[in-house]
Amino acid sequence: MTSCRKSPSGGRRLAAAVLTLVAVTTGTAALASCDTGGDSSGTTPVSPRPTPPHTASFTGSPPAALASAEASARARASAAASSASAAASSLEASISAEVARANAAAAEALKDVQGGGNARSDVSLTGKPRAETAGLQVVVVTITNRTQQQASYAVQVDFTDSSGKVVESRIVGAEDLDPGEQAQPLAISRKPADMNLTPTVAKAQRY
């Protein structure tokens, strides 16, 4: 049997070659990991994110387009209010002179009334369809004389918005109602049709 022995010089050469290979590999990896500036690396450079401007430090007037839009919105709102007022005036003009006189007398009768008056239980409200009123909010005020003698009535109707704030008040009246007789004057809001208002009886006075 023949035994093989490794030459000491051959072992040293193999160990040196292994060390050299490890050193080259390590150096190459280090260069690859540190090289971010070359075009052939395949990596995308990271750009810093821009900082948004601090708008609180801005001064001057808003852009012309914004100012124009705001002016246009105000003009539309003003036109809507004027249109509603004109429509209400036209509708009220069609009411008889007798009703107009009764409403004027009612306003006079309510001048010194404190609280809700003495006849709120004699009054109820019913809304008319807007299709019949040119889009206006019109309330039928039904007044019933529940006493045993002739009486006149003055009623104040308040129109409130969604927060409960009174934005408009209208006064109507009915004169010389016999016992059990009813009258149905109209309380007409002059506010634009797109305002959702709730009518309530604020005061009702029998006199």
Side-chain angles (χ1 to χ4, degrees), residues 68-207:
S68 177
E70 182 179 358
S72 178
R74 289 181 178 177
R76 287 195 299 271
S78 178
S82 297
S83 177
S85 180
S89 296
S90 177
L91 184 58
E92 288 173 337
S94 66
I95 299 174
S96 68
E98 181 179 352
V99 172
R101 182 176 58 80
N103 290 351
E108 184 67 24
L110 287 176
K111 283 174 57 176
D112 299 322
V113 173
Q114 301 297 320
N118 60 12
R120 293 183 64 179
S121 61
D122 294 345
V123 179
S124 62
L125 305 178
T126 306
K128 287 183 69 68
R130 296 199 180 211
E132 301 176 4
T133 62
L136 294 175
Q137 184 164 4
V138 178
V139 178
V140 179
V141 183
T142 301
I143 303 169
T144 305
N145 183 1
R146 303 185 188 280
T147 70
Q148 300 300 314
Q149 57 187 1
Q150 192 178 75
S152 297
Y153 288 81
V155 180
Q156 176 180 320
V157 177
D158 284 350
F159 292 89
T160 60
D161 61 16
S162 58
S163 67
K165 178 183 177 181
V166 177
V167 298
E168 185 180 21
S169 296
R170 306 293 289 169
I171 295 176
V172 298
E175 293 184 308
D176 303 328
L177 296 183
D178 290 329
E181 186 180 1
Q182 281 189 346
Q184 292 185 313
L186 302 178
I188 305 170
S189 171
R190 291 176 175 268
K191 296 300 180 181
D194 60 351
M195 293 186 67
N196 295 318
L197 303 178
T198 302
T200 59
V201 178
K203 296 181 181 181
Q205 183 73 12
R206 185 190 311 108
Y207 63 99

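Heavy-atom basis, side chains included; hydrogens, waters and symmetry copies ignored.
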From Asp122 atom CG to Thr147 atom OG1, the distance as rounded to the nearest 0.5 Å
7.5 Å
Side chains of Ser169 and Asp158 only: does a donor on one sit below 3.5 Å from an acceptor on the other?
yes
Side-chain donor-acceptor pairs of residues 107-119 under 3.5 Å, sequence neighbours excluded:
{"residue": "Asn118", "atom": "OD1", "partner": "Arg206", "partner atom": "N", "Å": "2.6"}
{"residue": "Asn118", "atom": "ND2", "partner": "Arg206", "partner atom": "O", "Å": "3.3"}

Answer whether the closest heavy-atom distance between the side chains of Phe159 and Gln137 falls below 4.5 Å.
yes
Taking the side chain as every heavy atom from C-beta outward, state whether Ser162 and Asn196 have any atom pair closer than 4.5 Å.
no
Using side-chain heavy atoms (C-beta onward) and a distance below 4.5 Å, is Leu186 in contact with Val172?
no
Using only atom types and a distance under 3.5 Å, with no angle test, would you say the side chain of Asn145 pairs donor to acceptor with the backbone of Gly180?
no
What's the shortest heavy-atom distance between Tyr207 and Ala106, and which atoms?
OH-N, 4.2 Å
Taking Ser124 as the fixed residue, which of Thr142, Val140, Val141 is the one that meets the side-chain contact (heavy atoms from CB on, under 4.5 Å) rule?
Thr142
Is a donor on one side and an acceptor on the other found under 3.5 Å between the side chain of Thr144 and the backbone of Arg146?
no
Answer yes or no: is there a side-chain heavy-atom contact under 4.5 Å between Glu168 and Arg190?
yes
Indicate whether the side chain of Asp161 and that of Ser163 have a donor and an acceptor atom separated by less than 3.5 Å.
yes
Within a strict 4.5 Å, meaning less than it, do heavy atoms of the Pro199 and Arg170 side chains meet?
no
Note: Ile143 and Ala174 closest approach over all heavy atoms is CD1-CB, 4.0 Å
So, does Thr160 use its side chain to make a donor-acceptor pair with the main chain of Lys165 at under 3.5 Å?
no
Thr200 and Val157, any side-chain heavy atoms less than 4.5 Å apart
no
Closest non-hydrogen contact found for Val123 with Ala204 is CG2-CB, 3.8 Å
If you look at every heavy atom in Asp176 and Glu181, which pair is closest and at what distance?
O-OE1, 4.0 Å
